[in-house]
Structures are given as structure tokens and as C-alpha cells.
Amino acid sequence: MKQSKLFTKARREAPADEVSKNAQLLIRAGYVHKEMAGVYDFLPLGLKTLNNVIGIIREEMNAIGGEEVLLSSLQDPELWKKTKRWGDEDVDVWFKTKLKNDAELGLGFTHEEPITRLMRDHIASYKDLPRYAYQFQNKFRNETRAKSGIMRSREFIMKDLYSFNRDEAQFKEFYEQAAEAYLRVFTRAGIGGQTYRTFASGGSFSKFSDEFQTVCEAGEDLIYIHEGKKIAINEEVCTDDVLADLGIKKEELRQEKSIEVGNIFPLGTKYSAALGLTFKNADGKDEPVWMGSYGIGPARLMGTIVELLSDERGIVWPASVAPFAVHVVSLGKPGDEVAALADGLYAELSEKGVAVLYDDRDLRPGEKFAESDLLGMPARVVVGKDAVATDTFEVVDRKTGTVEKVARAALVARFS
Ligand code: ATP
Ligand code: MG
């Protein structure tokens with residue numbers, strides 16, 4: 001993509017009304033636009049990045065047997081009354097609206113209820129189990145605080161997967177597979193080293209749920225890490241009893257601030273029993289389906305990457321999520337031989353399927369480099385006068401700042 005064609009503009013100054021680093025950088029670099037507190041739009045670069053994050057999650061969900069669906073945001077109050085989750089006193093994040101005839105509707109903040117109800121049409125016998133359905137779907141939450149940029153917004157895409165199993169053993173087997181898939185997602189997204197499977201409060205059915213918490217100063221949570229076991233315990237459940245249960249001593253733990261990038265939840269038969277999702281077992285008897293739910297916020301993950309990996313010059317994307325693999329920066333003037341060389345290199349890389357952002361604009365080199373650092377592609381290829389003479393190019397690694405001279409053929413091979 002030619003930068004001269006990109007409608008978004010980078011800006012030097014951080015927006016005055018943002019306190020979070022992720023929103024400041026993403027807005028400055030033109031990845032997102034702020035509509036109002038807790039409400040963000042994704043612009044071309046931001047959407048590409050978000051879609052890359054989504055792509056990683058989708059691959060990992062498919063690999064454990066997930067089938068992708070897309071449920072409506074509009075929610076039927078009658079359904080949610082059956083699980084006692086319609087009242088504002090029970091759920092404090094609902095956005096509610098009305099039909100023309102004054103009947104109430106909700107904008108979904110999660111989807112256990114509708115997916116449980118719809119599965120009644122598709123699960124009848126033990127032969128119909130297991131089933132794993134997931135979606136990337138807009139959730140609406142009237143969050144009280146909205147100071148964490150795209151990590152906590154009032155409308156956001158969630159990947160939510162729901163598991164349907166015939167018994168606890170089959171459920172647990174899948175639950176562990178899901179936990180492993182989550183760790184693979186975070187590793188592929190470049191934050192695996194800082195992310196811990198974390199004991200957290202479990203709600204109605206189980207003692208614990210499992211959160212995936214990434215150590216970060218900007219986090220809103222507090223966790224206690226056991227480095228030896230590579231696990232953590234959320235402050236909310238870190239009691240003497242729980243530590244004794246887990247065979248962990250308080251002295252072995254390190255306290256850190258952290259971001260909840262994902263959460264997996266054993267649901268037992270809470271929703272299936274309340275909403276009548278049953279199956280006939282091998283003896284022909286009706287039993288409620290065992291369920292679990294599994295959430296990740298792709299934008300929260302994207303914001304976490306910015307919080308953790310950016311530096312004083314700007315964003316640093318891991319190659320797996322970067323909107324472009326390479327940023328080709330031409331130091332030529334329109335019509336000169338440097339510009340012609342850069343045009344040719346851009347065309348050749350693009351032809352080979354490399355995702356290239358090409359800064360073809362007529363701006364000062366310093367300005368271009370500063371913006372390239374801000375935007376954060378993993379590699380920058382500089383096309384200057386010397387490249388015309390030698391057909392070798394300066395390749396700058398965004399993360400380490402290492403500069404290499406690479407001949408054209410080797411450069412094309414490296415990124416193809
Ligand atoms: P938190 O405690 O941070 O509010 P939660 O417990 O409400 O999170 P879940 O309901 O488990 O979160 O949602 C699943 C995942 O969706 C979270 O792990 C997180 O990655 C993401 N998520 C939750 N709320 C938001 C939000 N307001 N904006 C962006 N992503 C979110
Ligand atoms: Mg929440």
C-alpha cells in the first residue's frame with residue numbers, strides 16, 4: 001500500500017484526552033479514532049492489525065474443533081430473565097433499547113443464553129456431542145471506567161467460544177485443550193513470556209475460572225505469580241485456604257499488575273438446566289449438557305501488545321500481527337531515479353506477496369523515519385541515493401534498531 005493513498009495521517013502530539021499509552025500511540029499513528037470515552041473506530045492500519053490478531057485466534061479455535069458462527073447483538077429479555085441476568089441489579093453493564101412498540105431489547109454483553117437456546121435445535125442425543133461453537137462478535141458493555149484505551153471499550157469484538165459436552169470428563173479434556181490453545185494465541189501474538197494462566201473466581205459451578213493475565217504496569221488487575229509453576233493467582237482468590245489447596249507458600253509468590261487478555265469458564269449445567277438444553281444418554285435418559293465459555297478480546301490483546309512492546313519512538317509490532325511486514329521508505333523526489341528504484345522494489349515485493357507499506361511521499365527523511373518508527377512495522381527498508389549505485393538497501397530492525405545492508409535479491413528472498 002502506498003502511503004500517499006492512505007487517508008490516515010500520523011500526528012506528532014498525543015491526544016490530550018487520553019491517559020492510556022495504547023490509545024495515545026494508536027491515535028497518533030492513525031490506527032484508531034476516538035468517538036467518545038470508551039468508544040473507538042478502527043482505521044485501515046488498525047483494522048488490518050485487529051484482523052491479524054483475529055486470524056491467529058481463529059486458527060487456534062479451528063484447531064481445537066471450533067465451528068464459527070455469528071449471533072445477533074439484539075437480545076430477548078425473556079430469555080435472560082430465565083437465568084436471572086436481565087435485571088440491572090443483576091448485571092450492571094447492560095445497554096438496553098426498545099422496539100417501536102415499546103418492548104425492551106438488550107444489546108448482548110455475552111452470549112451464553114442465546115447460544116444455549118439455539119443449541120436445543122441441534123443437540124438431541126449423546127451422538128450430537130461434543131460441539132464447539134465460537135464467534136467474533138460485537139459486545140456492548142456499559143463499563144464504568146474507560147481509561148484503558150482499546151483494552152476496555154463499551155463496544156468491542158469478543159471471540160467467545162462455547163463448549164457443549166456430555167459429561168464432566170469430556171468437558172475437562174476440552175477445557176485443557178482450550179487453555180493450551182489460549183497460550184498458543186498469546187505466544188504467537190508476542191506476549192507469551194509475560195502471560196500467565198491464572199486462578200480466578202469461578203462463579204456458580206466451579207471453584208475457579210482460568211484467566212490469562214499479562215504482566216503490565218497499565219493493568220487493572222493484581223496477580224500473584226509462581227514463577228516455578230508458571231501460574232498465577234488473582235488477588236480476588238489469593239487466600240490462605242486457596243494457597244494451601246494449591247500447595248503454594250506465600251513467600252514463593254511475586255505480586256504484579258496485569259491485564260486480563262482472556263478468560264475461560266467452566267459453566268457446568270447452569271445454563272443448560274435453566275434453558276432446557278438436554279440430550280438423551282446411551283440409556284435414553286435426558287441429561288443436561290455440560291458447558292464452558294471461553295473469551296478473548298482481540299482489541300484488548302492488540303492494546304496489550306502496544307502497552308508492552310512499544311518504546312519511546314512508538315509502536316513495535318511483532319511480525320505476526322503487524323499490518324505490514326515491511327515499511328519501504330523512499331528518500332527520492334517525484335520523478336528521480338531513487339523514486340524509480342523504490343517504485344520497482346515496492347512492485348517486486350508486492351508481486352511476491354509481501355505486505356509492504358510504501359512511503360512514497362515527498363517529505364523530509366527525518367519526518368519519514370520518525371513516522372515509520374511510530375507506525376511500528378517490524379522492518380524498514382530505506383531507499384536512498386546509495387541504493388541506486390549499489391542495488392543494496394539499508395534494512396532497519398524496528399525492535400533492535402540493528403541496521404544491515406542487504407542486496408536486492410537477498411532482501412526479496414528474506415521477506416517473501
Ligand atoms: P474485566 O474483568 O477486565 O472487565 P471480564 O471479566 O468482564 O473482564 P469477560 O466477560 O470474561 O471479561 O470477557 C472475555 C474477554 O473479553 C476478556 O478476557 C477480555 O479479553 C475481553 N474484554 C472484556 N471486556 C472488554 C472491554 N470492555 N473491552 C475490550 N475487551 C474486553
Ligand atoms: Mg468486565
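Because the structure is predicted, anything quoted here is derived from the model rather than measured. Each ligand, and each atom within it, is numbered from 1 in the order the structure gives.
The distance criterion of under 3.5 Å between nitrogen or oxygen atoms is not met by Met158 with respect to ligand 1. Where the criterion is an N or O separation shorter than 3.5 Å, residue side chain and backbone included, Gly295 fails it with respect to ligand 1.
When the options Glu155, Lys139, Arg141 are ranked by their closest heavy atom to atom 9 (P) of ligand 1, first place goes to Arg141. Closest heavy-atom approach to atom 15 (C) of ligand 1 within the set Gly219, Ala146, Gly297: this belongs to Gly297.
Side chains of Val403 and Asp397 form no contact here, defined as non-hydrogen atoms less than 4.5 Å apart.
Using a 4.0 Å cutoff on heavy atoms, Glu220 does not count as a contact of ligand 1. Heavy-atom distances between Gly262 and ligand 1 reach below 4.0 Å in at least one pair. Distances shorter than 4.0 angstrom occur between a heavy atom of Val261 and an atom of ligand 1.
Interface of Ser153 with ligand 1, defined as ligand atoms under 4.0 Å from a residue heavy atom, comprises 26 (C), 27 (N), 28 (N). Close approach to Glu143 involves these atoms of ligand 1, each under 4.0 Å from a residue heavy atom: 24 (N), 26 (C), 27 (N).
No donor-acceptor pair under 3.5 Å is formed between the side chain of His111 and the backbone N or O of Pro114. Checking side-chain atoms of Asp128 against main-chain N and O of Ala124 turns up a donor-acceptor pair under 3.5 Å. In terms of modelled atom types and a separation under 3.5 Å, the side chain of Lys21 and the main chain of Leu308 share no donor-acceptor contact.
Using a 4.0 Å cut-off between heavy atoms, Arg152 contacts ligand 1 through both its backbone and its side chain. Contacts of Asp160 with ligand 1, taken as heavy-atom pairs under 4.0 Å, are absent altogether.
A side-chain hydrogen bond (donor to acceptor under 3.5 Å, both in side chains) check over residues 37-55, counting only residues at least two apart or in different chains, returns the pairs Glu18-Tyr40. For the side-chain hydrogen bond (donor to acceptor under 3.5 Å, both in side chains) condition, the pairs that include at least one residue of residues 188-197, sequence neighbours left out, are Glu59-Arg188, Glu60-Arg188, Glu176-Arg197, Thr195-Thr214, Tyr196-Glu227, Arg197-Asp210.
Ring geometry for Phe174 versus Tyr294: interplanar angle over 60°, hence perpendicular rather than tilted (30 to 60°).
A cation-pi arrangement, defined by a distance under 6.0 Å to the six-membered ring centre and an angle within 45 degrees of its axis, is present between Lys96 and Trp86.
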